[in-house]
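Note that ligands are numbered from 1 as they come in the structure, with each ligand's atoms numbered from 1 the same way.
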Amino acid sequence: MKIICVGRNYTEHIEELNNSKPNAPVLFLKPDTALVKGGEAFYYPDFSNQIDYECELVIKISKIGKSIPVSCAKNYYEEVALGLDLTCRDLQTEEKNKSLPWTLSKAFDYSAPISEFFSLKELGKDVQNLDFSLLKNGNIVQKANTSQMIFSVDEIISYISRFISLKVGDLIFTGTPAGVGSVKIGDKLVGVLEGKEILKCEIK
Ligand code: MG
């Protein structure tokens, strides 16, 4: 199982980090050791002083595929979740300044807390019309609709699969909207999808 993440997929988030708009999806990987399931806490690691939350829609791949056309991509997923792409922003800034990959700042242990999965059929909504938000200590810090993505889920799946085969159970983090910010010990994060609180993560 692999976790593929998309960076820079919402315009306002690109602007808040002073990045430029990509003409193809920006991709990076997290290992399976990044996952935190079942509402378990996140323990602040000793190698960073600035960990940012990034709340994202997550797609679970349901069928093996390679070189999937955009028009067929819908056949390769049925379920979605919310996830946090936790990022050591201080390390990432160093990596960016040295033109190094984002491996350590993005792929560290427990950097991907994730909710349970919900079928799109059950939700009764199109994948590009889902409302989601993130609350930090009860205050809304991120709020978006998946229609605001620069690259749609189907375009992302098609693009990834030209380079990397997708297998059943692979996860795709589809990018974060504006409003990213730091966490500190004691913070409580809650992710809301279509009005339902589905993701909980306490920082310890
Ligand atoms: Mg992200």
Side-chain angles (χ1 to χ4, degrees), residues 1-37 42 44-45 48 50-61 77 80-96 100-115 127-128 130-136 140-153 155-157 159-160 164 170-183 187 189-193 198-199 201 203:
M1 192 276 277
K2 57 189 173 290
I3 305 168
I4 304 170
C5 305
V6 182
R8 302 178 189 170
N9 204 26
Y10 287 82
T11 303
E12 286 174 19
H13 170 62
I14 291 171
E15 288 166 0
E16 73 183 347
L17 293 187
N18 291 318
N19 287 316
S20 53
K21 201 166 164 171
N23 44 29
V26 174
L27 302 176
F28 59 91
L29 298 169
K30 289 181 189 263
D32 58 359
T33 43
L35 287 177
V36 181
K37 295 179 186 169
F42 172 81
Y44 207 104
S48 177
Q50 190 194 352
I51 294 188
D52 280 8
Y53 55 78
E54 296 187 358
C55 186
E56 311 194 359
L57 185 79
V58 181
I59 306 293
K60 187 194 270 180
I61 295 297
Y77 60 94
V80 298
L82 282 182
L84 296 171
D85 166 20
L86 295 176
T87 304
C88 297
R89 197 70 75 197
D90 48 358
L91 289 185
Q92 192 193 26
T93 302
E94 271 180 51
E95 289 166 344
K96 280 182 179 174
L100 291 171
W102 303 347
T103 307
L104 296 178
S105 63
K106 287 287 197 180
F108 61 96
D109 282 353
Y110 316 122
S111 60
I114 193 166
S115 73
V127 74
Q128 298 305 151
L130 295 171
D131 285 316
F132 68 103
S133 56
L134 182 73
L135 288 84
K136 186 171 100 167
I140 294 182
V141 287
Q142 293 191 282
K143 189 172 166 46
N145 182 280
T146 54
S147 61
Q148 296 159 351
M149 288 181 187
I150 295 171
F151 299 103
S152 69
V153 169
E155 288 169 334
I156 291 166
I157 286 174
Y159 184 76
I160 293 171
I164 304 171
D170 286 350
L171 302 180
I172 301 175
F173 278 59
T174 56
T176 198
V180 302
S182 297
V183 294
D187 283 346
L189 300 172
V190 174
V192 181
L193 178 67
I198 62 168
L199 173 64
C201 181
I203 312 298

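Looking at residues two or more places apart in sequence or on another chain, you find a side-chain contact (heavy atoms from CB on, under 4.5 Å) between L27 and I4, V6, P25, Y159, I160. Looking at residues two or more places apart in sequence or on another chain, you find a side-chain contact (heavy atoms from CB on, under 4.5 Å) between L199 and L82, L84, S115. Residues that satisfy the ring pair (Phe, Tyr, Trp, His ring centres under 6.0 Å) test with F28, not counting sequence neighbours, are W102.
Only protein N, O or S atoms were scored, and 3 of them lie under 2.8 Å from the Mg ion (ligand 1).
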Using side-chain contact (heavy atoms from CB on, under 4.5 Å), reason through V180 and R89 one step at a time and then give a plain yes or no. CA-CA 11 Å; V180 302; R89 197 70 75 197; 3.9 Å; yes
Between T87 and D52, does the side chain to side chain donor-acceptor pair (under 3.5 Å) criterion hold? Intermediate values first, please. CA-CA 5 Å; T87 304; D52 280 8; over 6 Å; no
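Looking only at distances, no side-chain donor or acceptor of K21 sits under 3.5 Å from a matching main-chain atom of T11.
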